[in-house]
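These notes concern the structure reproduced below.
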2 protein chains.
Amino acid sequence: MADKSEGEKALSIRDVARIAGVSRQTVSRVLKRQPNVKASTEAHVRQVIEELGWRPNSAARALATSKSKTIGLLVSSRSQYGPLSAAGAVDDAARQRGDTISSATLAQGDDESISAALDAFSAQGVDGVVVIAPQQRAHEALRRVAVGVPFVSLQWRAGPNERVVAFDQGAGARAATRHLIELGHSRILHIAGPQDWNEAEERMRGFLAEMSAADVPTEAPVLGDWTVDLAYELGMKLLGHREFTAVFAELGLRAIDILLADIEGTPPPEPAVVKVPELIVRASTAPPPVR
Amino acid sequence: MADKSEGEKALSIRDVARIAGVSRQTVSRVLKRQPNVKASTEAHVRQVIEELGWRPNSAARALATSKSKTIGLLVSSRSQYGPLSAAGAVDDAARQRGDTISSATLAQGDDESISAALDAFSAQGVDGVVVIAPQQRAHEALRRVAVGVPFVSLQWRAGPNERVVAFDQGAGARAATRHLIELGHSRILHIAGPQDWNEAEERMRGFLAEMSAADVPTEAPVLGDWTVDLAYELGMKLLGHREFTAVFAELGLRAIDILLADIEGTPPPEPAVVKVPELIVRASTAPPPVR
DNA sequence: TTGTACGCGTTATCAA
DNA sequence: TTGATAACGCGTACAA
C-alpha cells in the first residue's frame with residue numbers, strides 16, 4: 001500500500017478530455033471555472049475528473065503560465081522555536097491559498113548558503129520569497145546577495161525598499177516597562193535576549209528608552225540567550241541578591257515563573273502575567289516595602 | 001534592490017545556445033555532464049552560462065523528464081520542537097543533494113488535511129514523501145489515505161510494507177532504566193510523555209519492561225506533556241512527597257534539573273546526566289539512605 | 001458553447 | 001562530437 005506507483009503512467013488532461021468526450025480546452029475551462037461552459041458539460045467533466053482522481057500537473061502548468069504558485073521559504077535558524085513556528089504558519093497559510101511552499105532551512109547564515117538557496121528558488125520560478133532571518137548577520141548577508149525575486153522578511157525591521165512583517169517589539173517592550181513603572185517599581189531588572197537577534201535588540205532598546213523617559217535609574221540589563229539553562233542559573237545566582245523588585249525578562253513562558261518562585265522562595269498563587277506579543281511581564285501588583 | 005525582476009523575461013537555454021554559438025542540445029549535454037562533448041566546447045558553454053547567470057528552469061525540466069527532484073515533506077505537528085527540528089534536517093539534506101523540499105505543515109492530522117497535502121504533492125510529481133507524524137492518529141490517517149507515491153516515515157515504528165527511520169526508543173528507555181536500577185535505586189518515578197505520541201509510548205513501555213524484568217516494584221508513571229508548565233507543577237507537587245529516589249523523565253533538558261533542584265532544595269553541584277538519544281536520565285550516583 | 005493550434009523551456013531520439 | 005526535431009502536459013489566443 002505504500003506504493004502503487006507502478007507503470008500506469010500518470011494520466012493527463014487528454015485522457016480526461018477523451019473519456020469525457022470533450023476537448024482539452026473544455027476541461028481546462030472547467031478547471032479554471034470559466035463561465036462559458038454549459039452546466040451539464042461541466043458537471044460531467046467534473047465527475048470524470050473525480051472518478052479518475054486526476055490532478056493537473058503543476059510543472060506543466062508552471063511552464064505554460066510561467067507562474068509557479070510556489071513561494072520560497074527561507075528560514076535561517078534551525079534551533080529556535082520562534083522562526084520554526086513562524087515557518088509553519090506561513091506554510092499553512094500558503095496551502096490554504098492553494099500555493100505550495102518550497103522551503104530552505106539554513107544551518108548557517110553565510111552569504112554562500114543564502115545565495116545558493118535564493119538561486120534554487122529562482123530556478124524554480126517562485127512567485128516570491130518569504131524570509132525568516134531574525135539574526136543580524138543572516139539579514140546582512142541577504143542584503144549583500146543580489147536578489148532576482150520579490151521577497152518579504154518576517155520578524156525584522158524595514159530598511160529602505162524592504163518589505164517586512166513584524167511586531168513592533170520596541171513599542172511592546174516600552175509598554176511592558178511602563179506597566180512596571182506605573183505599578184511603582186523603581187528597581188527593574190531586564191533580562192535581555194541575544195543581541196544578535198533583532199527582536200531582542202529592539203526590546204532592550206525599548207526598555208532602556210522607557211526607563212530613561214521615566215527617569216528611573218537603570219542597571220545594565222543581563223544578556224540572556226533564551227535557554228532554560230540560563231533561567232536556572234540566573235534563578236540560583238539572583239537568589240542571594242534581591243536588588244530589584246520586578247523583572248522584565250525574555251525567557252520561556254513558565255521559566256520566568258520558576259525563576260521568580262526561586263527568588264521569592266514561594267510560588268505566587270496567581271501570577272500577574274501581562275502578555276504583550278512575544279513578551280511576558282510578571283510582577284507583584286506593587287513593589288514590596290523597602291527594607 | 002529588493003526587486004530587479006522587471007521585464008527582462010528570463011533567458012532560456014536558447015539564449016545560451018545562441019550566444020555560445022552551439023545548439024540547445026549541446027548546452028543541455030554540458031549541463032548534464034554527458035561525456036560526448038569536446039572539452040573546449042564545454043568550457044566555453046560553461047563560461048557563457050556563468051556570465052549570463054543562467055539557471056535551467058526546473059518546471060520545464062520536470063515536465064520533460066517527469067522527475068521533479070522534489071521531495072514532499074509532511075509535518076504533522078506545529079508546536080513541538082522535535083518534529084520541526086527533524087524537518088529542518090531533512091530540508092538541509094535534500095538541498096545538499098540538489099533536491100528541493102516542498103513542505104506541508106499540518107495543524108491538524110485529520111484525514112482530509114493529510115489527503116489534501118498528499119494530493120498536492122502528487123500533482124507536483126514529487127519523487128517521494130517524507131512523513132514526520134509521530135502522533136498516533138496522524139499516522140493512522142496516513143494509513144487510511146490511499147498513497148500514490150513512495151514515502152518514508154520518521155520517528156515512527158514500522159508496520160507491514162512501511163519504511164521508517166527511527167531511534168529505538170524502547171531500547172533507550174530500557175537502558176536508562178537499567179542504569180538507575182544498577183545504581184541501586186528501587187523507587188524510580190517515570191514522568192512519561194503524552195501517550196498519543198509514539199516515541200513517548202515506546203519509552204514508557206521500555207521503562208515498564210525493564211522494571212518488570214528487574215523485579216522492581218513499580219508505581220504508575222506520571223503522564224506528562226513535555227511542557228515546562230508541567231515540570232513546574234510537578235516540582236511543586238512533588239516537594240511534599242519524596243516517595244522516590246530517582247526520576248526518569250521526559251522533559252526539557254534543564255527542566256528536569258530545575259525540578260529536582262526544587263525537590264532536593266539545593267542545586268546539585270555536578271548533575272549526573274546520562275544522555276541517550278532524546279532521553280535524559282539524571283540521578284545521584286546512589287540512592288540516599290532510607291529514613 | 002466548443003474546438004484547433006501554437007508556445008512555454010527542457011530533455012530525448014535519431015540522424016549527420 | 002554535434003544538431004534538428006519531436007515529445008512532456010497545460011494554457012490561451014483564435015477560429016468555428
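Below, chains carry the letters A, B, ... as their sequence lines are ordered, and counting in each starts from 1.
Remark: A:Ser102 pairs with A:Gln124 by the side-chain hydrogen bond (donor to acceptor under 3.5 Å, both in side chains) rule, at least two apart or across chains. The side-chain contact (heavy atoms from CB on, under 4.5 Å) search around A:Arg205 returns A:Glu201, not counting sequence neighbours. Residues forming a side-chain contact (heavy atoms from CB on, under 4.5 Å) with A:Thr26 (at least two apart in sequence, or on another chain): A:Val22, A:Ser23, A:Arg29, A:Thr41. Residues passing the side-chain contact (heavy atoms from CB on, under 4.5 Å) test with B:Arg14 are B:Ser12, B:Arg24, sequence neighbours excluded. Partners of A:Asn57 according to the side-chain contact (heavy atoms from CB on, under 4.5 Å) rule, which considers only residues two or more places apart in sequence or in another chain, are A:Ala59, A:Ala60.
Residues from residues 46-60 of chain A that place a heavy atom under 4.0 Å from any atom of DNA chain D, listed by number: A:Trp54, A:Pro56, A:Asn57, A:Ala60. DNA chain C lies under 4.0 Å from no heavy atom of any residue of residues 95-104 of chain B. Near DNA chain D, meaning a heavy atom under 4.0 Å from it, residues 18-33 of chain A has A:Gln25, A:Ser28, A:Lys32 in order of number.
The residue from A:Leu74, A:Val75, A:Val164, A:Ile132 that alone fulfils the side chain to side chain contact (heavy atoms under 4.5 Å, CB included) condition with A:Leu154 is A:Ile132. Of the candidates B:Thr70, B:Ile71, B:Val126, B:Thr100 forms a side chain to side chain contact (heavy atoms under 4.5 Å, CB included) with just one, namely B:Thr70.
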Q.
Determine whether A:Leu31 and A:Ile49 satisfy the following criterion, side chain to side chain contact (heavy atoms under 4.5 Å, CB included), listing intermediate values before the conclusion.
A. CA-CA 10 Å; A:Leu31 232 61; A:Ile49 291 177; 3.7 Å; yes

(Q) Is there a side chain to side chain contact (heavy atoms under 4.5 Å, CB included) between B:Val48 and B:Val16? Walk through the geometry before answering. (A) CA-CA 7 Å; B:Val48 172; B:Val16 178; 4.2 Å; yes

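Under the salt bridge (Lys or Arg N to Asp or Glu O under 4.0 Å) criterion, the residue pairs touching residues 32-44 of chain B are B:Glu42-B:Arg46, with sequence neighbours excluded. Residue pairs meeting the salt bridge (Lys or Arg N to Asp or Glu O under 4.0 Å) criterion with at least one member in residues 61-73 of chain A, sequence neighbours excluded, are A:Lys69-A:Asp99.
What separates NZ of A:Lys69 from P of D:dG9 is a distance of 22 Å, to the nearest Å. D:dC10 atom C1' lies 16 Å from atom NZ of A:Lys67, rounded to whole Å.
Put simply, B:Thr65 has no side-chain N or O that comes within less than 4.0 Å of OP1 or OP2 on D:dC8.
Chain A approaches DNA chain C within less than 4.0 angstrom (heavy atoms of the protein), and the contacting nucleotides run 5' to 3' from C:dT1 to C:dG9.
Note that the two end axes of the helix from C:dT1-D:dA16 to C:dA16-D:dT1 enclose an angle of 40°, each drawn from 5 base pairs, rounded to 10 degrees.
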